[in-house]
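Structure first, then comments.
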Amino acid sequence: MKRRILTLLAAGALTALALPTAAHADTVTATHGPLSIGGYCSSQVNSTAWIGFYEVYGLNCYASKWGGGFQFVGAGSPMAACAHLMPGVTITSASRAASDALTCTGTR
């Protein structure tokens, strides 16, 4: 009887060791303003861009205009911008936030 109990306990312990544990993925959410988006724009869309907005029609990049104001210099991808701004995070969504900011959500 003692032998049977020890065998069952040993088998249970080996089974517990063999079961893989689920990796815990952390959800990360961050909101990026126009200057942060501008960093993506300058790096990936147009080197003259320094500011960007996630507007109604998409993520747009702007440079300074002669005489003041902004000049459109290209459009970017919200998901690509999130990947650029959050290295090491697998991006799951990109959405427009207040003041034409970009909210990125992903897992680490």
Side-chain angles (χ1 to χ4, degrees):
M1 183 69 163
K2 218 183 221 185
R3 183 191 255 170
R4 180 178 269 177
I5 291 173
L6 289 175
T7 303
L8 289 173
L9 287 175
L14 288 175
T15 303
L17 290 175
L19 293 176
T21 57
H24 179 70
D26 292 325
T27 299
V28 180
T29 300
T31 299
H32 304 281
L35 294 178
S36 295
I37 298 170
Y40 158 77
C41 288
S42 177
S43 173
Q44 303 296 320
V45 177
N46 186 311
S47 62
T48 64
W50 64 273
I51 194 165
F53 300 97
Y54 191 6
E55 298 171 307
V56 174
Y57 299 107
L59 191 143
N60 296 314
C61 304
Y62 298 89
S64 295
K65 182 178 177 182
W66 181 260
F70 299 125
Q71 176 179 344
F72 175 79
V73 293
S77 161
M79 292 292 282
C82 286
H84 177 81
L85 295 168
M86 298 175 69
V89 175
T90 302
I91 302 301
T92 56
S93 71
S95 59
R96 188 169 173 241
S99 301
D100 293 335
L102 172 65
T103 297
C104 305
T105 303
T107 56
R108 185 180 323 227

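Note that this is a predicted model, so its numbers are computed, not measured. One-based numbering along the sequence shown.
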Nearest heavy-atom neighbours spanning [X] and [Y]:
X      : Y     : value
Ser36  : Leu85 : O-CD2, 3.4 Å
Ala101 : His32 : CB-O, 3.3 Å
Cys41  : Gly52 : SG-CA, 4.1 Å
His84  : Gly39 : NE2-O, 4.0 Å
Val45  : Gly76 : CG2-CA, 4.0 Å
Leu102 : Ala94 : CD1-CB, 4.0 Å

For the backbone of [Y] and the side chain of [X], can you confirm whether one donor and one acceptor N or O come within less than 3.5 Å of each other?
X      : Y      : answer
Tyr40  : Pro78  : no
Thr92  : Thr105 : yes
Arg108 : Asp26  : no

What about Leu35 and Phe70, same hydrophobic cluster or not, with Ile/Leu/Val/Met/Phe/Trp/Tyr joined at side-chain heavy-atom distances under 4.5 Å?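 Same cluster.
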
Can you hop from Ile37 to Trp50 via hydrophobic side chains spaced under 4.5 Å?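 Looking at the clustering, Trp50 is in a separate group from Ile37.
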
[X] [atom1] to [Y] [atom2] distance, which is reported to the nearest 0.5 Å:
X     : Y      : atom1 : atom2 : answer
Met79 : Cys104 : CE    : SG    : 8.5 Å
Met86 : Thr29  : CE    : OG1   : 7.0 Å
Asn60 : Phe53  : CG    : CZ    : 10.0 Å

Can you tell me how the ring of Tyr62 sits relative to the ring of Phe72, calling it parallel under 30°, perpendicular over 60° and tilted otherwise? perpendicular

